[in-house]
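Worth saying up front: this structure is predicted, and the values here are computed from it rather than measured. Values below: every heavy atom of this structure, side chains too, minus hydrogens, waters and symmetry copies.
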Amino acid sequence: MSTPEHAPDAAAPVAPGTLPDGGSSSLADGDWHRMHPLTPLFKGGLALLVVAGIVITNMRDKFIAWAVRLFAPDEAGYMGQSGDPVDWVLENDLVLLALLAVLGLVVLLVAIFWFLWRFQQFRITGDHVEVRKGLLFRSHRRAPLDRVQGVNLTRPFPARLIGLAKLEVVGAGNDANVPLEYLSTTKAEAVRADILRLAAGARSARLTAAGAAPSQTAREQILGSMNAGVSGLIEGVDLADVAPESVVKIPAGRLIGSQLISAVLWILFFGAIYLVSIVAMYLGMTADGEDSAEITIGLIGLSLGMGIPLVIAVVGITWAQISKSLRYSIASTADGVRITFGLLTTVTETLPPGRIFAVEVSQSLLWRPFGWWTVKINRMTGKSAAQQSSGNAQQFNIVLPVGRRADVERVLGLVLPGIAPEEIAAMWENGVTGPVADDPYRTIPPRAAWRRPLSWKRHGYRLTAHAVLVRRGFLWRRLAVFPLARLQSVSISQSPLERLQRVARGQIHSVAGPVTGNLSGLERDDAIALLDGVSRAAAVAASADRTHRWAEHAAEAAQP
């Protein structure tokens, strides 16, 4: 959370380039550091572009008049206008003064951005990641390492051109993230690795390599990051941590095809709006006695006025989904599951074990002939409720945009490390595509089938030693997996009508996300068994869970 700035606790002295609890980045040494020197240019460049846009807009008529006088001098008289501020400046010989005013504004903006950069610092200690900033209104944001849910590395397209990246430390509460924007890509990757290593509980300090690179001046940092950014953009290499290789490879044709098929839903939605508008206009003009020519012109105008924006909207939505999912990769690393995606703006996030609260495999009816599935998760994003509803935030909940059964099983093996492969295969047979003979799920009884007329045989749950499985849907198949060790709570309820039918509703509670655990129409005894069984199993699983300190557990296991 953000608090007024105060004097930070003194950090324990550490050797240059190392951390008290292990680390390797020269920026993760417990001292305060500034962001990359080009940060003011990138963050303030947007403001300068707005100013430039205003100037160009005001000068638009001047450019048109100049072109008319050059190519059609006989028509130049139509450009005569009064009250134009540019004309007033020219008529009063104030051009030099206006240019000086613009130059002064640019200098003022650059100075403001420079001061903001000077007063924005961060440091990484053995316990926290901290950022302090502000010139007049100061703030000090601190993220405890033992509460870190993940670290995201984002490279917006303009930042890639100059070799910069944004690092975001994901916290465990609303608006709890700590952003480090911007660092050179190389340093951002090193800092990310150190944060994850410390968050994992690793205690063995590593000495700095003897040939550590000397400190660089601001000029050397700028030139080096820009050269690396342009080279990486041309060569197509975005990150240094390309190993290990992704366990899933999504062909570009499959990815594009899946999004085009999904776009059919948007076409139907916008098409319905278009047809309703056309029919309403036709009936209204016919009732008013308009002749056929006027009706035709009106319908053509409405078609163009509505059709073009609707087409642009469908194309824009589809392209946004495709560009966000291109160049996808997922692999297991020492720091957790690494997911990379994005064509222009590239994002690399690392999900430490024990930070995934629910997993869902789903398939729409349109994807069923192709055997395609998608995998989503619930995780703590550290963002506010408004931020979580944005499309960019929702992208972080997708761990497999589209894949076949083998792809899904590989991803489930990564995000659910405590579940054996044979259990994952059983999940598929009984949960994803079931029901089958001797169905182990507790489902809706026939007397309550009217509640789910199409999916009542599928709608139900199963309690295993590691998770609660919730199976739902007929047209849109879903299987949600809730690991018991990270289950938030479970509840059951009954309405008066449900009491008459001897059925009840259940709900598995998890952190906010696309995966829900709502159940309806369960036998009363099955609902009580859900409440009692999950309560006992979750307590046992939570007491035995060590995934939130995975590196510490691995170090203990490696000892003789």
**Asked** Testing V129, D127, L196 for side-chain contact (heavy atoms from CB on, under 4.5 Å) with L145, which one passes?
**Response** V129
**Message:** For a side chain to side chain contact (heavy atoms under 4.5 Å, CB included) check, start with the C-alpha distance between R192 and E349, then their side-chain angles and the critical distance, and finish with the verdict.
**Reply:** CA-CA 10 Å; R192 177 185 60 179; E349 59 172 336; over 6 Å; no
**Asked** When the aromatic ring centroids of W428 and W373 are compared, is their separation below 6.0 Å?
**Response** yes
**Request:** Provide the closest heavy-atom pair for L519 versus G460 in the form atom of the first, atom of the second, distance.
**Result:** CD2-O, 3.6 Å
**Message:** When you measure from the side chain of H459 to the backbone of S520, do you find a donor-acceptor pair of N or O atoms at a distance under 3.5 Å?
**Reply:** yes
**Asked** Does CZ belonging to R524 count more than 12 external heavy atoms closer than 6.0 Å?
**Response** no
**Main-chain N/O of F370 paired with R404 side-chain donor or acceptor, under 3.5 Å** = yes
**Complete:** Sequence neighbours excluded, the answer for side chain to side chain contact (heavy atoms under 4.5 Å, CB included) partners of S510 is F357, A358, N378, F482
**Asked** So, does R471 use its side chain to make a donor-acceptor pair with the main chain of T443 at under 3.5 Å?
**Response** no
**Request:** Check whether the side chains of T374 and S362 place a donor and an acceptor atom closer than 3.5 Å, and report yes or no.
**Result:** no
**Message:** Quick one about R254 and Q259 (side-chain donor to acceptor, distance below 3.5 Å, no hydrogens or angles considered), yes or no?
**Reply:** no
**Asked** Short question: side chain of Y328, backbone of V248 - any donor-acceptor pair under 3.5 Å?
**Response** no
**Request:** Before giving the answer on side chain to side chain contact (heavy atoms under 4.5 Å, CB included), spell out for I508 and L530 the whole-Å C-alpha distance, their side-chain angles and the decisive distance to 0.1 Å.
**Result:** CA-CA 10 Å; I508 312 297; L530 171 68; 4.1 Å; yes
**Message:** Donor-acceptor check, side chain of E409 to backbone of I424, threshold 3.5 angstrom: yes or no?
**Reply:** no
**Minimum heavy-atom distance between R477 and R458, given as atom pair plus value** = CB-NH2, 3.9 Å
